[in-house]
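As structure tokens, the structure follows; a few thoughts come after it.
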Amino acid sequence: MATRDPRRRFGFRLRTRDRIDRDVSDELAFHLAMVAAELEAEGWSPADAALEARRRFGDVPTTEAYCREQDLEAYKEHRRMALLADLRADVRVTLRALARSPGFTAVVLLTLALGIGANTAIFSVVNAVLLEPLPFAEPDRLVRVWHVNDEQGVTEGAVSEPDFLDWKQQTTRATSMGAFFHAPGLSGLDLTGDGAPERMQTALVGEGFFETLGTRALLGRTIGDEEQREGRNRVIVLSHDTWRARFSGDANIVGRTLQLDGESFQVIGVMPPHFTYPADETLSAWVPLSVFGPDDIGRARGARFQGVVARLAPGTTPEQLDAELDGVAARIAEENPGNRAWNRVQVASLRTSIVGEVTRPLLLIFGGVLVVLLITCANVAGLLLARATARQRELAVRSALGASRARLVRQLLTESVLLAVTGGALGTLLAIWLVQLVTAMPIGLPRADLVSVDTRVLGFAAALSLLAGVLFGVVPSLRATRSATNNVPRGGASGSVGQGTRLRNALVVAQVALAVMLVTGAALTTKSFARLQSVDLGFDPDQALFVELSVTDRYDTDVAKREYYQSVLDAVASVPGVQSVGAIRDLPTRGGGESGTVRVWGEDDEPSSRPLAAFHQVSSGYFGAMRIPLLRGRTFTTADRLDAPPVAIIDEELARRRFPGVDPTTKSLQFGTTEVPIVGVVASVRQLGATEAPTPTVYLHALQNFRSRMSIVARTTVDPLSLADAVRAAIWRVDERQTITSLSTLEQVVGRAVARPRLLASLFALFGALGLALGAIGVYGVLAFGVTERRREFGVRMALGASARRVQALVVRQGLVLAGLGLAIGAAGALALTRTLESMLFEMRGVDAATYAQVMAVVTVCALLASWLPARRATRIDPAEAMRAE
Amino acid sequence: MPTTAPLPLLQGTVDVLILRTLAWAPMHGYAISRWIRDRAQDTLAVEDAALYQALHRLERKGLVVSEWGVSESGRRARTYALAEEGRAQLEREVRDLRRYFEALFLVLDTR
């Protein structure tokens, strides 16, 4: 019997030491005795002989000590070699055992690879987005500051230049403040002269921008306050990617002159890699804000367009800065009627403003995939338990032949760890492939350029594999070897197997519970996404081509610009297959237009109670091409031109808010001192995407209110992309130097806007499916094993007259009991999950009984299916055979 | 019987003496010391302490192996035997010593 000898684990050294000491003493004592005997034979007295023997020997104590030391060293070395040999033997045995059951090995490796691979891939995203430090100096001291207008419900409002300068001057709790303007797709410059014309996505930076962020340039210098001055501001700082891609990483780029929008700009610096602020993903360059004068971008206090970053003073918290700036904003609001309702600010950490939106969904996905791995481990543990139980006899024989329990456990653990590590290695390969997929997907993930399988991610994969191996290996090993070392090997199922079954049952219940949670997550995210998809955007996204371009300054007169604009539209309209063409500056989901307040002609209302609206500049064919229904009055026609009286069209949202009960077409708007009659009302469009309510909108004719950016929509009778080349060619026939910023279909554009919810739903659907499959396998496994175990019992029952159906029912009932327990536990978890998801999902309102019922039903059906096969097997048992066996 | 005092051993020769002794037959420490004394006709002084230290060192290095048994007199005794590695080492060292002393005496015997 293997009793637990404490000295064997902790005190082996002590026991060995004693033995060694004793041996050395005995050896030397023997020698001395022999010499003494020799002397006695020569006539010495016994006492003298002993002394003389000792004297002749030499230094006995030193020799004793030395010999003991040598022996101890020899022993340690020997043990080390034995351990290594054992390990090598274990690995060899394990490999052979695994090779003998290739099916088992393959299933385990596959599930582990999937589990660990998925986890590693998601972790690489988490690592890049949430863990990697931001590319700024002391990023935790940086905040974003927004202007707040509670009356209009604006909590993250842009800031005007006078307001920004006042804040900057009056704050004591920030060491620096910087401003910038960046509208993806809008703030861009055309690069010409150096090869193919290209649109550079640019950010306009105001005073203190680079100073506040603290990031140094890789080459040259950044834009400072000096460069904001007139005469010195034709400078540009390039992003690392642009420098490499467009300018081939030219080492002499600093000092070069580039032609942007027809003007000469000097390159003064290049930023380090992965710095693209304020853009999320890509940015070509930064130029001083002052390049665009007051005529291009308003500088009045009411022209709110800038973003503000600030660096907290040492010891200051964001709340303190918030409070201080609230005071400043309130003071400004008192002194300036136009700012009356803009009397507050909002301060948030810069990190939150960059990744905040994706943090929770990302962590949720990470949690989900970890749960899948847990289920996988439970599954593998169950499989290993079953296998170990089947090898009871082998283990018992080994134990009887002298293998210690530790030795057996070590051997079984070697198996689990080997499986885990191999599965992990395969999983890492899978992860690398998955990461490549993820980075190619345009889901607008901030910091996506950092996502890669780097050392930290590899470390995570390795640690996870080891952990998994120990997790699913430890319990089966201990369980199996306990019985093996306790029982004498005998034929047939021994009683100790009962314990294993209880554990396996527990594992399956846990699996089912986790699967319930995953399926609930899948149901909720899918429903939310479906709801999102079903939202009417206000226009028809099918069968429409979308082309974006900008009218360059080469067309320098008002007339030239407008003629070109019209020519381009006419050219596109002439392409066979194009039904109708229209243009707008900001396509829905790609921009919100220009924001401003609505003044009604002849009505004297207070400035700050005028409704905020989005202003868009469209061509006459826009509403037709987009299939936006006209509700009242007329749309724009060719009669509305540069020299015709200006007119406006409003949407039903603005009509509802500002003209309740009145026909808006009888009213006019006031722009400055001009009266602009409202000639029509169109249906509202969800300009900002399905999740945002429609904003009140005013449409002006582009030829009367020209903007250089054109988002052209061409409704087609055939597949839109098949006309892409023809449309491009048509545009180039008008001007061969026209840069086309982007070209795709309306469907793709709209799809991109819901890409994240779609991804979330898809991932959770995948997790749910995996969870269900694994849970079902778990249930099947335990039931199948149970049937084998209880073969005799079933045989007896059937011999005594039980029908096949009764026997089947027994098995199925066991399956349902397990599933039921899992459902009950899982339901609690699902409730918690719902609460977490509520804030993240679209129009999800708390406990939805229908969804839960559906989830329960799905899980129950799966459990039933999983029970069916073992149940059938139970009925095929031959009673006589069963009772005779063993 | 020696007429002169036994010579002290040169550094490192205890090891080769032990190996040679064990090449003849496995024996315990006391027997090794007596065997060497007899063969060298008392010319070499092998201190017992040094002998035992060398024995244990050789075992640690893996050149000899030991096991406990019962002596002729019925007492518990540790017997040593030559290992394969030890045999090879013995041949090497004997050869090197021979060469060394041949060369040495070439010089010393010069007329």
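Computed from a prediction, not measured in an experiment: that's the story for all the values here.
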Can you confirm whether B/E84 is buried at CD, in the sense that more than 12 heavy atoms of other residues, nucleotides or ligands lie under 6.0 Å from that atom? no

Checking A/F472 now: which residues fulfil ring pair (Phe, Tyr, Trp, His ring centres under 6.0 Å) with it, not counting sequence neighbours? none

Which atoms of A/L32 approach chain B - backbone, side chain, both or neither, heavy atom under 4.5 Å: neither

Taking the side chain as C-beta and beyond, is there a heavy-atom pair between A/V24 and B/H56 under 4.5 Å? yes

Nearest heavy-atom neighbours spanning A/A33 and B/R75: CB-NH1, 3.5 Å

Does any backbone or side-chain atom of A/V35 lie under 4.5 Å from a heavy atom of chain B? Answer side chain, backbone, both or neither. both

Could you go through the salt bridge (charged side-chain N to carboxylate O under 4.0 Å, His left out) check for B/R78 and A/E27 one step at a time? CA-CA 6 Å; B/R78 191 169 183 166; A/E27 188 181 5; 3.7 Å; yes

Taking every heavy-atom pair that is under 4.5 Å apart, which of A/A29, A/C67, A/A37 has the most such pairs with chain B? A/C67

Side chain / backbone / both / neither for B/S33 at chain A, heavy atoms under 4.5 Å: side chain

Where is the tightest heavy-atom contact between B/A49 and A/G58, given as atom of each residue plus distance? CB-CA, 4.2 Å

Atom CZ of A/R456 with >12 non-hydrogen neighbours under 6.0 angstrom: yes

Step through it carefully: locate the ring centre of B/Y52, locate the ring centre of A/H31, and say whether they are under 6.0 Å apart. yes

For A/R410, does the CZ atom sit with more than 12 other heavy atoms under 6.0 Å from it, leaving out its own atoms? yes

Is the shortest side-chain N to carboxylate O distance from A/D26 to B/R76 below 4.0 Å? yes

Just verifying a value: how many Å separate A/E77 CD and B/K61 NZ, rounded to the nearest 0.5 Å? 14.0 Å

Residue pair B/E59, A/D71: steps toward the side chain to side chain contact (heavy atoms under 4.5 Å, CB included) verdict: CA-CA 8 Å; B/E59 183 171 22; A/D71 282 359; 4.2 Å; yes

Would a 4.5 Å heavy-atom cut-off, applied to side chains only, mark A/Y66 and B/R57 as touching? yes

Going by salt bridge (charged side-chain N to carboxylate O under 4.0 Å, His left out), name the pairs with one or both residues in residues 20-36 of chain B, residues two or more places apart or in two chains. A/E38-B/R34

